[in-house]
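Keep in mind the model is a prediction, meaning the values are calculated, not measured.
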Amino acid sequence: RKHAAEEGVVPDVVADSGDPGEPAKKEKKHKSSKSASPEASGDGEEAAAGDGGFQEAADQATREAALKEEEEKKKAEEKETRKREKEAEKKRVEEEAMKASEEAKRAAEEARQKLQERLKSLLEGSKASKNVEECMGELKSVVKEMQEAGIECQEIEEAEARIKELKKIVKAQEKLQQAISERDVRGLQKAIGKAEEAAVPEGVLEEARKVLAEELPKQEARDKLEALKEGATSEQLKEALAQAKSAGLKKDELAEFKELLAKLERREEVEALLKKAMEERSVEGLKAAIQQAEEAGVDSKQIKKANKVLKEEEPKQKAREKLALACEKPSIQVLKEAIDGAKEAGLEAAEYSKAEEQLKQEEEKERLMAAIKTTLAESLTVDMSDLEALREAKEKLGECITTAMAAGVPEQHMVEADQRRKRLHNAIEDLKGSIRVFCRIRPLSAKEIEQKDRKVTEAASSMTLNIEGKDGGDQSTFAFDAVFTPGTQEEVFEDCRDLVQSAVDGYNVTIFAYGQTGAGKTFTMYGMPEPGKEGTTPRTIKELFRVTEQNSARFDFQIYASMLELYRNDLVDLLPKEGVAPCKGKLTIKTDKDGRISVENLIEEECKNAEELTAILERGNGKRTVASTAMNAESSRSHLVLWVRIVSKNKDTQEETRGKILMCDLAGSERLGKSKVSGEMQAEAIEINKSLTALGDVIEALTKNQKVVPYRNHKLTQLMQDSLGGSAKTLMFVNCSPASSNLDETLMSLKYATRAKKITNTAKKG
């Protein structure tokens, strides 16, 4: 058809109804009608011209006939050609149609195979696909396309079955997603079960299982909390709350249970309080616990039980209160009445045993007070010149006072006896000698041993010392209150410990050390910081606070300390603190009407304990002037004085007494030829010797009972005026070297101390 249309003959062929000549006739007729009119017109013109044109016309007709025949022949050929072409075209069209059909069949087969393969792929992929809905949509689309194409195969049936399965999966998945969104454990568990049955993809199931794993502990915690709403203990609820918090429950979910926990804890606390009150059987405790138990909702049985105990205990409590009052202000009569009342109320013996003990104590106090009166009366008849009798009376009276104090006898019942004990003690000290002198001989020094020195002293007894005579002469014997060669620091202090009590009792006490340089005075007075090597002064400080602490129940004490050195006849205050300007006033020695010595403008600091006083001692000691000489590596170049003032007030009688302890470490006497000092140190040595000479003059005047004692000759003797021949109880250490090279100095010191022992003081209380 296409070819015929291109040739321009298709319309005629199509228009042909079956007569192949019909178109040619029509065409010939048409041509004849078309050319006839002009020829007719021409022939008319030739007729008019004549017959001459006939031949021409005949020729013309012949030619025309030939042409016509040629045309017809041509037309026949053309018709045949067209027929052959038409047949060829028809064949070509049929071949093309057949080819197109085959191609269409082949394309259809290929499409069917592709759709089938795609369906198979979708069916296979649907088993593992996570997007079920998308997979189901694709399956539907492919099935529809195959059905429209008229394809029939087993896969379509499988696909339709799979689509039904996928619909179930989608439905299960939707419910699973809803359960995930709601995060309800039971809903999740049900949805997961259905999803597993429906073969929901593992990825979706995994998400649901993860949410379930998160929510399951929370639900378990919720269930546990709900189960504990009734009958739980606070510990159980506390543990459940901790588990719930750990599981991630929100505050608003826990609020109700926290409130419940607070109530439980309060109830348990009150129950414990009630139980304790019942165990202790305390009336006040029971009343308070019962009230709280009622408010906290404690079991009524427990409250009833507590009320029963309260009813039993109230009369007992009254008996206890009466006992307490009797014990607080004990008297024999009141205690007896309280004990009788306790027995009537049915109290256990242990509850009134204290009152019975106090009754015994009160009866014992009465007996002890009677014993004190008897012993006091006996002490008034003692011979005041008999040392042993005095000691016996003092010990007996002291024992009575100590026993009475331990028994709790009131202070006012012992004032007279205590005053008598003090008088006996001081009488004993007076009989020992107004000035007690202890002699202490140090060991040979390493230097003395090296230079082949030998010992020239020997202790004959605990109170006498032998020393070789000069130049081979007869040995001399000196008697003192005690001799130490050298003795321990504790042994030395033990014999002067009682002087601390005298100071606390209100007397002035002086302890000083005398001797040549390097004889051990400073070691005796101050010692060394190592344990056991403390000297007399630090031990005196400890003893002072021990005694005051022992008597603190009866007395209030105030202790003040000052420290100075006498350097080249100048008084130097050793207590100004670093960065603080010293007092502008000059240090001046004053003597009151009773002969007591004080130093005007001297810094005085109160000490609350031994540590504070020791710190003052160390502070002052650190400022003392020392120097190295041929006889002593650390020779003291001044007289060092620690001044301790003690004020005591009886708490009951308000009587006040004042005592004083003067600890004096004198600088050592020295011979300039031996010490080999010069310049400033020589001037110091000369001044030291002058002061010691002045001290010797005072001692000599006192021993010879001279009317005028030269105290004013030197500031040292002014400072010690109430210690030598005054109102003080005085102990003198004479420190000596045992070395043969120091024989002269040792003899001089011993003679000096012997004269001092003859001095008589008149001790007075401050």
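In this structure a side-chain-to-backbone donor-acceptor pair under 3.5 Å is present from Thr537 to Met525. Side-chain atoms of Asn551 come within 3.5 Å of backbone atoms of Val547 as a donor-acceptor pair (strictly under, hydrogens ignored). The main-chain N or O of Gln317 is never found under 3.5 Å from a side-chain atom of Lys322 such that the two would form a donor-acceptor pair. Side chain of Arg658 to backbone of Arg645: no donor-acceptor contact under 3.5 angstrom is found.
A salt bridge is defined here as a Lys NZ or Arg NE, NH1 or NH2 lying under 4.0 Å from an Asp or Glu carboxylate O, and Glu313 with Lys316 meets this definition.
Legend: residues meeting side-chain hydrogen bond (donor to acceptor under 3.5 Å, both in side chains) with Gln178, ordered by chain and number and at least two apart, are Glu182. Partners of Pro410 according to the side chain to side chain contact (heavy atoms under 4.5 Å, CB included) rule, which considers only residues two or more places apart in sequence or in another chain, are Gln412, His413. Applying the side chain to side chain contact (heavy atoms under 4.5 Å, CB included) criterion to Lys210, with sequence neighbours excluded, gives Glu214. Scanning for side-chain hydrogen bond (donor to acceptor under 3.5 Å, both in side chains) contacts around Asp184 gives an empty result, with sequence neighbours left out. Partners of Glu328 under the side chain to side chain contact (heavy atoms under 4.5 Å, CB included) rule, at least two apart in sequence or in another chain, are Leu325. A search for side chain to side chain contact (heavy atoms under 4.5 Å, CB included) contacts involving Arg497 returns Glu490, Phe493, Glu494, Glu543, not counting sequence neighbours. Qualifying side-chain hydrogen bond (donor to acceptor under 3.5 Å, both in side chains) partners for Gln243, counting only residues two or more places apart in sequence or in other chains: Lys224.
Residues Lys329 and Val334 have side chains not in contact (no heavy-atom distance under 4.5 Å, counting atoms from C-beta outward). Contact check for Leu241 versus Leu254: side-chain heavy atoms found under the 4.5 Å cut-off. Counting only heavy atoms from C-beta outward, the side chains of Pro330 and Leu359 never approach each other to under 4.5 Å. Trp643 places none of its side-chain heavy atoms less than 4.5 Å from the side chain of Ile661. The side-chain heavy atoms of Gln501 and Asp505, taken from C-beta on, include a pair separated by under 4.5 Å. Put simply, the side chain of Cys607 reaches to within 4.5 Å of the side chain of Ile616, judged on heavy atoms. Counting only heavy atoms from C-beta outward, the side chains of Met369 and Met414 never approach each other to under 4.5 Å. Leu662 is not listed as a side-chain neighbour of Ile511, based on a closest heavy-atom distance of 4.5 Å or more.
Within 6.0 Å of CD on Glu549 lie no more than 12 heavy atoms contributed by other residues, nucleotides or ligands. Within 6.0 Å of CD in Glu314 there are more than 12 heavy atoms belonging to other residues, nucleotides or ligands.
Distance check, rounded to the nearest 0.5 Å: CD1 of Ile332 to CD of Gln361 gives 12.0 Å. Taking NZ of Lys258 as the reference point, atom NZ of Lys245 lies at 6.0 Å (rounded to 0.5 Å). Considering CD1 of Ile372 and OG of Ser379, their distance stands at 11.5 Å, rounded to 0.5 Å.
Here side chain to side chain donor-acceptor pair (under 3.5 Å) pairs that include residues 608-617, with residues two or more places apart or in two chains, are Glu606-Lys608. Residue pairs meeting the side chain to side chain donor-acceptor pair (under 3.5 Å) criterion with at least one member in residues 364-375, sequence neighbours excluded, are Glu362-Lys365, Glu364-Arg367.
In the model, Asn650 has no side-chain atom that pairs as donor or acceptor with a side-chain atom of Gln654 under 3.5 Å.
Shown here for Leu397 and Ala417, the closest heavy-atom pair between the two residues is CD2-O, 3.3 Å. When all heavy atoms of Cys496 and Thr536 are compared, the closest pair comes out as SG-CG2, 4.2 Å.
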Exercise for the section: Evaluate the side chain to side chain contact (heavy atoms under 4.5 Å, CB included) criterion for residues Gln358 and Lys354: first the C-alpha distance (whole Å), next the side-chain angles of each, then the deciding distance (0.1 Å), finally the verdict. Expected result: CA-CA 6 Å; Gln358 280 197 284; Lys354 180 182 176 183; 4.3 Å; yes

Problem - Criterion side chain to side chain contact (heavy atoms under 4.5 Å, CB included) on Glu271 and Gln302, from CA distance to verdict - result: CA-CA 8 Å; Glu271 284 173 350; Gln302 292 187 50; 4.0 Å; yes

Exercise for the section: Let me see the working for Val644 and Met663 under side chain to side chain contact (heavy atoms under 4.5 Å, CB included), right down to the final yes or no. Expected result: CA-CA 8 Å; Val644 181; Met663 308 292 293; 5.7 Å; no

Practice task
Could you go through the side chain to side chain contact (heavy atoms under 4.5 Å, CB included) check for Met405 and Val409 one step at a time?
Solution key: CA-CA 5 Å; Met405 284 179 62; Val409 173; over 6 Å; no

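The only option from Leu564, Leu574, Val641 that meets the side-chain contact (heavy atoms from CB on, under 4.5 Å) definition with Leu602 turns out to be Leu564.
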Sequence neighbours excluded and cut-off under 3.5 Å, please list the side-chain donor-acceptor pairs for residues 555-563, or say none.
{"from": "Gln558", "atom 1": "NE2", "to": "Tyr560", "atom 2": "OH", "distance (Å)": "3.2"}
{"from": "Ser562", "atom 1": "OG", "to": "Ile603", "atom 2": "O", "distance (Å)": "2.8"}

Side chains of residues 336-351: which donor-acceptor partners sit under 3.5 Å, not counting sequence neighbours?
{"from": "Glu337", "atom 1": "OE2", "to": "Gln333", "atom 2": "NE2", "distance (Å)": "3.3"}
{"from": "Glu351", "atom 1": "OE1", "to": "Arg320", "atom 2": "NE", "distance (Å)": "2.4"}
{"from": "Glu351", "atom 1": "OE1", "to": "Arg320", "atom 2": "NH2", "distance (Å)": "3.2"}
{"from": "Glu351", "atom 1": "OE2", "to": "Arg320", "atom 2": "NH2", "distance (Å)": "3.3"}

Mind listing the side-chain donor-acceptor pairs of residues 285-301 below 3.5 Å, one per line with the distance, residues two or more places apart or on another chain?
{"from": "Gln292", "atom 1": "OE1", "to": "Arg266", "atom 2": "NH2", "distance (Å)": "2.9"}

